[in-house]
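Predicted model only: the values in this text are computed from it and were never measured. Naming: A, B, ... by sequence-line order, numbering from 1 per chain.
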Protein chains: 2
Amino acid sequence: MFSTYIRSIPTQNVKYINKHAVLDLIRFTPGGISRAELAERLSLTRAAVTPIVDDLLERRLIQETHNRSSVNGRPPILLEINPDYGYIAGVDMGAAHLTVLIANFAAQVLIEREVGFEIADGPAVCLRQVDELLRTLLNELGLGLSDLAAIGVGVPGPIVAEAGMVLAPPIMPGWDRFPIRDALEARWGRPVLLGNDAELGALGEWAYGAGRMEQNLAYIKIGRGIGAGLFIDGQIYRGATGSAGEIGHMTIREDGPACTCGNRGCLEAIAGGRAVAAKVMAAIRCGRRTELAALPEGEKMTIADVAEAAARGDLVAQEVLAEAGAHVGIAIASLINLFNPNIVVVGGAASKMGDVFMEPLRQTVMKRSLPAASQSVRITTALLGGRSSAIGATVQALSLALHEIALDREGLRV
Amino acid sequence: MFSTYIRSIPTQNVKYINKHAVLDLIRFTPGGISRAELAERLSLTRAAVTPIVDDLLERRLIQETHNRSSVNGRPPILLEINPDYGYIAGVDMGAAHLTVLIANFAAQVLIEREVGFEIADGPAVCLRQVDELLRTLLNELGLGLSDLAAIGVGVPGPIVAEAGMVLAPPIMPGWDRFPIRDALEARWGRPVLLGNDAELGALGEWAYGAGRMEQNLAYIKIGRGIGAGLFIDGQIYRGATGSAGEIGHMTIREDGPACTCGNRGCLEAIAGGRAVAAKVMAAIRCGRRTELAALPEGEKMTIADVAEAAARGDLVAQEVLAEAGAHVGIAIASLINLFNPNIVVVGGAASKMGDVFMEPLRQTVMKRSLPAASQSVRITTALLGGRSSAIGATVQALSLALHEIALDREGLRV
DNA sequence: GTTTTTTGTCAAAATTCTTGACAAAGTTGG
DNA sequence: CCAACTTTGTCAAGAATTTTGACAAAAAAC
């Protein structure tokens, strides 16, 4: 049944919409797709697909690739994105790490690097670090900034998309209303797309990760902060003001510990990176044996440190992570009851934790969400590991670039 | 920017989509709308709107009404739905009440009635009561079942839309997988649309209530159960399997009281109708004075009883409701952090409670949700009072009816 | 009363899809 | 090994629906 109210389609948009649908389907189909299958998947006729594909071929956005098919009739000509059309960069600023990668137009990662980082150092310091790392990587590839068609940037806070800044971010002291996008565009002279790290993680996992092409995907990023990205019906869900997905500030325990957001009992204050580190420290003070006691004094313990210790068999680390997993499970159970996703992808530091974290999480979810929703949900770790958000940033930047190239010399209304 | 991936538009759909957009915009614009404004709002030209409107006029779905405009030029001819095209019924089965109403095609309520009810009596008893009440109302209007174009029915459980039944509903014992829609269609010989009561409440409040035409609306239905309906971008959001919005089973207190769903600490177990009644009973046993002690022994106390007592100044009732409001506020704060809606409409029994309930709720929300989301959200009681869901059911049934009439003799692909 | 403004309509042009036919390029089976 | 079959991709003609541009209609403003 027709279920969306009040949506219209001026004719000028039709070809454009179909062209983009074709382009996106080519982008997101691994191994290429034929004209015939494009037609079938998009409910168009083969005859309608041909001129659209011709247009994209002419712009050199896509290319024909030779088939290795096994069916009956004439073998299809597979279409794929022209990887060498240009380059895209993806940046993911976490609370305690920075990931930068450079990919070609087929979203294949050419180079990537993750370094330590401290978001609380503020925009001036952090953006310089981002800039340096990006230029280093470009250098190593023998490229310059002008080779980049666009740059996607993820940050761990609520985004005001039009303004290109974050609004009242709980874990980004000093960044409130700082014009991140404008500053980076001025520095680089290239289009920059700012996004929330969890949203971009959702996009990344939807496009190339564990939740490929799922209708309703939730991505949970575990780190110092805990954020959710919601991907619904082929779109990032941002809510009224772009701050949807703040699962980290869901109340888990009414009178729980104080949170950076000013409230009490938030998930983040119970199971976020800082809380995990604090619990390990408490265990150390209680005299329990853990390799984490040996960390250099000056350096702050991150959740990644704890994850690594747990992986090496450290019992204290495992215990703390299991507890955190159960708490995150409570929040995810609520999310599942509210959102009823097909799939929940848990990423960020969780991708390094494995079952120590995921098993208690899964068990809690199964216990605490309604069967109607929990029976149909898959809960898994991020296929892209710690790179979900950086890859999502790339996907978003690439969408802009492809969009503009495909649009060139074509009108569009609203 | 173009932000939805992989959506195509076969040509045959275009006119149909535009026709529906026109029809819906006429439906949902109070006082009528002119062709010129339709064109502007839908990004079409006036010349394109004319034939669409002509088509709808010819089918007698809409009519021209004479203007009382005050602008400069030629006065517009306002268009509105033809109210007398036919009739629609809306049914809302709550846990402890049943509402049935009959409306014309303009969704004007012609007659309505609310009666006591017990969903736990099971399908056989309940559907007979629904049937009786519907026939009574039809009778009073001098109508028969054959005058109804469609009937919308809301129930308090997770819906499997295709099957027309509920799946593992926590507060509908005996209804699991009972073919509700088919049973009613067989009984009435008319098309029946089954929906979740909270979803339909959201639709009702979006169409004709407190949240008219908002982009992101959440409706919270307070009763024995507590459910949320999410209305996003002109659509009910149902999630992967149609069970989105089960806020009543969000965990509020890890080791809280047992819930009917089998879990502990659910919102519903703390602030649902049963919990509220239990708290009042506890106060009575403690010897506190309340008019609710005078309720007839055999009859179960409903949340509506408590609301009425509170409105008459009963202190115990007020206290219990204030506490419930604060707990619901915790859940709504989490919902706001996750969903970032424009507006949260609180309905069901809450529409009778007023500020006793809403003030603690609002305060808790403001305290427990992030500023980025809470600054932009409006929290209000249902404008349609206890009728939100029944009216939503009407709107949905009407959509089907209008849709079919407008579609008649026109092709459609996928 | 003329000018201005806005609404609604019409015919011609434009756009983009579908229909139906067909060539191309393989596989299958006797 | 060749004919029959199957599927893909393309083409020209036709169809559907919108836009463009012009204009009549209806009321307010000057």
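- Put simply, CD1 on I52(B) is 13 Å from P on dT9(C), counting in whole angstrom units.
- Between R35(A) and E40(A) there is no salt bridge, since no side-chain nitrogen of the basic residue lies less than 4.0 Å from a carboxylate oxygen of the acidic one.
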>> Walk me through whether S8(A) and N18(B) qualify under side-chain hydrogen bond (donor to acceptor under 3.5 Å, both in side chains).
In response: CA-CA 5 Å; S8(A) 68; N18(B) 287 341; 4.6 Å; no

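- Between N18(A) and dT16(C) there is no side-chain polar atom (N or O) within less than 4.0 angstrom of OP1 or OP2.
- The side chain of V14(B) approaches dT17(D) more closely than any other nucleotide in the set dA27(D), dT17(D), dC17(C).
- Within 4.0 Å of A36(B), counting heavy atoms only, lie sugar-phosphate atoms of the nucleic acid but no base atom.
- Between the side chains of R27(B) and S399(B), at least one donor N or O sits under 3.5 Å from an acceptor N or O.
- Checking Y237(B) against N216(A) by side-chain atom types alone, a donor-acceptor pair falls below 3.5 Å.
- Expressed to the nearest 0.5 Å, how far OH of Y85(B) lies from CG of N104(B) amounts to 14.0 Å.
- Look at CG on L42(A): it is 11 Å from P on dC17(C), rounded to the nearest Å.
- As rounded to whole Å, 15 Å separates atom C1' of dC17(C) from atom NZ of K19(A).
- By the 4.0 Å N-to-carboxylate-O rule, R238(A) lies close enough to E199(A) to be salt-bridged with it.
- Taking a cutoff of 4.0 Å between a charged side-chain nitrogen and a carboxylate oxygen, R212(A) and E205(A) do not qualify as a salt bridge.
- Residues F339(B) and F339(A) place their aromatic rings such that the two centres sit under 6.0 Å apart.
- Of the candidate nucleotides dA26(D), dG9(D), dT18(D), dG9(D) has the atom lying nearest to any side-chain atom of S34(A).
- For R74(A) against dT7(D), no side-chain N or O and base N or O form a donor-acceptor pair under 3.5 Å.
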> Could you spell out the base pairing of DNA chain C in dot-bracket, with Watson-Crick or G-U pairs whose two distances are under 3.5 Å, [ ] crossing and | to another strand?
Replying inline: ||||||||||||||||||||||||||||||

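- Relative to the side chain of I77(A), the nucleotides dG9(D), dT18(C), dT7(D) differ in distance, and dG9(D) lies closest.
- A centroid separation of less than 6.0 Å is found between the aromatic rings of F28(B) and Y5(A).
- The side chain of R35(B) lies closest to dT9(C), out of dT18(D), dT9(C), dA26(D).
- What separates CD of E64(B) from P of dG8(C) is a distance of 8 Å, to the nearest Å.
- Distances shorter than 4.0 Å separate none of the side-chain N or O atoms of T45(B) from OP1 or OP2 on dT18(D).
- Nucleotide dG9(D) holds its P atom 12 Å from the CD atom of E40(A), rounded to whole Å.
- In this structure, CG of L57(A) is placed 11 Å from P of dG9(D), rounded to the nearest angstrom.
- Note: CG (L38(A)) to P (dT8(D)) measures 12 Å, nearest angstrom.
- At least one donor-acceptor pair closer than 3.5 Å links the side chain of N82(B) to the backbone N or O of R60(B).
- In this structure, the CG atom of L79(A) is 12 Å from the C1' atom of dT8(D), given to the nearest Å.
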Which atoms of nucleotides 11-15 of chain D (N or O only) lie under 3.5 Å from a protein N or O atom, and what are those distances?
none

